[in-house]
A.B. asks: 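Dumping the structure here so I can ask a few things about it.
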Amino acid sequence: MKDIKQLRTAPKATERIVQFGEGNFLRAFVDWMVDVMNKKIGFDASVVLVQPIAFGRVAALNEQDCMYTLTLKGITNGVASSEDILIESVSRGIDPFADFDAYMALATQPEIRFVVSNTTEAGIAHVASATKEQTPADGFPAKLTQFLFKRFEHFAGAADKGLIMFPCELIEKNAEKLRTIVLQYATEWALGEAFAAWVSSACSWHNTLVDRIVPGVPQDRPALEARVGYVDHSAVEAEPFHLWVIEADEAVQAEFPAPAAGLNLVYAKDLTPYRTRKVRILNGVHTMMTPIVYLGGVDTVGESFDHPVFSAFIKKVIVQEIIPTLDLSLEELNSFAASVEERFRNPYVSHAVLSISLNSVSKYKARVLPSVVRYATEKGALPQGLTYALAALIVFYKGNACDRTYNLSDDAAILTKFETLWHQKTLTLLSAEQLVAEFLSDTEIWDVLPADVEGLVSQTALYVDEILENGILASLPEIQ
């Protein structure tokens, strides 16, 4: 076996991109794009990974000199393809929890120009406990504020040392929300009006939309290593399809010329139509189906679409409950839905539904609840499939249900909330309706309270009881 650290084909490029997040998605999406740009158009940029939480992959990646294999598997224009690519665009990783000084030193590098991030939907949030003295501060926006303030001070507020922000978190107007929180910390931490002005004017903030299915690590790593001839503990798999939509002017487009490298990056004045279509159909369906099919005994997305009952249910939800809430043409929406199904059925990728369950509450809030609210508002009735999905989500957060026991991954406050609610339910201190009502009325969780949707609490509670008593398949509603 060869040593992966010895396989770089060229010297490391100039460190120009700071990336908050070292997970599978960004490495299979942004870092792959930078790798393509470097090799095809001489972009000369490398990525420095910053680990946004205390436990992550930075140490493992550094052991491999931040090189890893991306395997693209799927069907492109009806033709099956599989390709192993050695990604060389990442120069190093920094764990600010272990080496905060290195993190701050990164902010003083004059060539740094771009910031990308993917800290999940829950990541772009104001954390009240964050302080400027923490090393590092709690939460991604607070860490970014520390980074930007260090850069502002080091370069004496120079306008040309501002940064271009491409957050990839799947929330609406992700860059605008991130900027708002950074400015909130600037005020709370008394960082000064000059810094706030620099953040707003010298730095540019660009809403983005990302689209690529990244199931995670290869299911058969020995087979991969036999093909490539080296050991790789950080390999990742993805589908060939990719789309990155960024709201940006011509100046930013010139600085990040991904389309010139043949990449499907679209610069747009308004990404809203792209975002709504993708979030509600592709991501919304992922989030909607995950607790249902997992508690129903199915472990992967592909298996879900091979299952006659689940496949029919999911298709009906898309066609009858999600698409009617969207404003694009029916032809365009149906075409996109068909392409999504083809991607979900990708026989080369085993996408574990349990891996999709990370932060499912915030995902339901962002991806599914808007469809529920609009459907109920316009039709005067509840969308039965999406309501059932909410009930399955609540049961899923029990941690053991329908003869399955599994680990939950979400914000600590969410997990504590459910632990308390389900403990009270077990002790018969709460009925299902009381449990559902308390969860759907929690203003710390929801911006738009689901409990305000007429009938949603009682119908969700009814489904919760049916799932607990009869299981998923026996309680799945008929969608007319």
Side-chain angles (χ1 to χ4, degrees), residues 8-22 25-52 58 61-62 65-68 70 86-96 99 102-119 140 143-144 146-155 157-168 175 178-179 182 198-199 201-206 208 210 244 246 248-263 265 267:
R8 279 196 187 275
T9 59
K12 293 181 182 179
T14 305
E15 291 185 343
R16 297 203 284 141
I17 303 170
V18 176
Q19 178 173 298
F20 289 86
E22 78 290 2
F25 180 81
L26 285 180
R27 292 192 295 114
F29 189 77
V30 173
D31 303 340
W32 165 76
M33 285 193 177
V34 175
D35 193 72
V36 171
M37 293 166 70
N38 285 341
K39 292 171 180 175
K40 286 192 174 183
I41 61 173
F43 185 51
D44 184 31
S46 68
V47 180
V48 181
L49 306 181
V50 175
Q51 187 172 294
V58 158
L61 283 161
N62 280 333
D65 197 24
C66 287
M67 293 194 295
Y68 57 93
L70 169 63
L86 181 63
I87 303 299
E88 305 176 63
S89 59
V90 180
S91 59
R92 61 192 170 111
I94 296 174
D95 178 358
D99 193 348
Y103 174 55
M104 287 292 96
L106 180 63
T108 69
Q109 293 182 202
E111 298 85 3
I112 296 297
R113 186 62 176 141
F114 302 93
V115 172
V116 297
S117 64
N118 186 23
T119 54
F140 159 55
K143 291 181 180 66
L144 178 59
Q146 290 177 314
F147 185 89
L148 293 176
F149 187 63
K150 178 67 174 181
R151 189 170 184 82
F152 170 79
E153 283 194 314
H154 183 80
F155 293 107
D160 65 347
K161 292 301 184 289
L163 302 178
I164 297 171
M165 309 291 177
F166 292 156
C168 298
L178 179 58
R179 177 181 58 197
V182 168
W198 183 83
V199 165
S201 59
C203 298
S204 61
W205 305 76
H206 304 274
T208 78
V210 297
W244 198 1
I246 301 176
D249 58 21
E250 292 181 357
V252 171
Q253 296 177 34
E255 288 203 56
F256 198 81
L263 295 165
L265 188 151
Y267 285 109

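Numbers here are sequence positions counted from 1.
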A.B. asks: Strictly distance-based, threshold 3.5 Å: is any side-chain N or O of S117 a donor or acceptor partner for the main-chain N or O of P167?
C.D. replies: no

A.B. asks: Is the cationic atom of R16 (NZ for Lys, CZ for Arg) positioned less than 6.0 Å from the six-membered ring centroid of F256 and within 45 degrees of its normal?
C.D. replies: no

A.B. asks: Rounded at 0.5 Å granularity, tell me how far CD in E22 sits from CD1 in I94.
C.D. replies: 12.0 Å

A.B. asks: Check the pair L61, R27 against side-chain contact (heavy atoms from CB on, under 4.5 Å), reporting the backbone distance first and the verdict last.
C.D. replies: CA-CA 11 Å; L61 283 161; R27 292 192 295 114; 3.9 Å; yes

A.B. asks: side-chain contact (heavy atoms from CB on, under 4.5 Å) between F166 and V30: does it pass, once the steps are laid out?
C.D. replies: CA-CA 10 Å; F166 292 156; V30 173; over 6 Å; no

A.B. asks: For residues I17 and I112, report the shortest heavy-atom separation together with the two atoms involved.
C.D. replies: N-CD1, 4.4 Å

A.B. asks: Give a yes or no on whether the backbone of M104 and the side-chain of K150 come within a donor-acceptor separation of less than 3.5 Å.
C.D. replies: no

A.B. asks: Within the 3.5 Å criterion, strictly below it, is a donor on S204 or H206 matched to an acceptor on the partner's side chain?
C.D. replies: yes

A.B. asks: Passes side-chain contact (heavy atoms from CB on, under 4.5 Å), W205 versus V199? Steps please.
C.D. replies: CA-CA 9 Å; W205 305 76; V199 165; 3.5 Å; yes

A.B. asks: Do you know which two heavy atoms are closest between I41 and P257, and how far apart they sit?
C.D. replies: CD1-O, 3.6 Å

A.B. asks: Of the non-hydrogen atoms in L263 and M37, which two are nearest, and what is the gap between them?
C.D. replies: CD1-CG, 3.8 Å

A.B. asks: Heavy atoms only: give me the nearest V34-A45 pair and the separation to one decimal.
C.D. replies: CG1-O, 3.4 Å

A.B. asks: Donor-acceptor pair, D249 side chain versus A251 backbone, under 3.5 Å?
C.D. replies: yes

A.B. asks: If you apply the rule side-chain contact (heavy atoms from CB on, under 4.5 Å), what do you find for T119 with K143, and how did you get there?
C.D. replies: CA-CA 12 Å; T119 54; K143 291 181 180 66; over 6 Å; no

A.B. asks: Ignoring hydrogens, what is the shortest heavy-atom contact between F155 and Q109? Give both atom names and the distance.
C.D. replies: CZ-C, 4.2 Å

A.B. asks: Nearest 0.5 Å, please: how far is CE in M165 from CG in L178?
C.D. replies: 7.5 Å

A.B. asks: Let me confirm one number: the CG-CD distance from D35 to E88, rounded to the nearest 0.5 Å.
C.D. replies: 6.0 Å

A.B. asks: So, the side chain of R8 versus the backbone of D65: is there a donor-acceptor pair under 3.5 Å, distance only?
C.D. replies: yes

A.B. asks: So how far is it from L49 CG to S91 OG, rounded to the nearest 0.5 Å?
C.D. replies: 7.5 Å

A.B. asks: Under 30°, 30 to 60°, or over 60°: which ring-plane class applies to F140 and F20, parallel, tilted or perpendicular?
C.D. replies: tilted

A.B. asks: Rounded to the nearest 0.5 Å, what's the gap from OG1 on T208 to OH on Y267? Could you check?
C.D. replies: 11.0 Å

A.B. asks: Tell me yes or no: between the side chains of T14 and E111, is some donor less than 3.5 Å from an acceptor?
C.D. replies: no

A.B. asks: Looking only at heavy atoms, what is the nearest atom pair of W198 and K161, with distance?
C.D. replies: CZ2-O, 3.5 Å

A.B. asks: Would the distance check show the side chain of Q51 and the main-chain N or O of V58 forming a donor-acceptor pair, the cut-off being under 3.5 Å?
C.D. replies: yes

A.B. asks: At what distance, to the nearest 0.5 angstrom, does CZ of F152 lie from CZ of F147?
C.D. replies: 15.0 Å

A.B. asks: Looking at side-chain heavy atoms only, is the closest gap between V252 and I246 below 4.5 Å?
C.D. replies: no

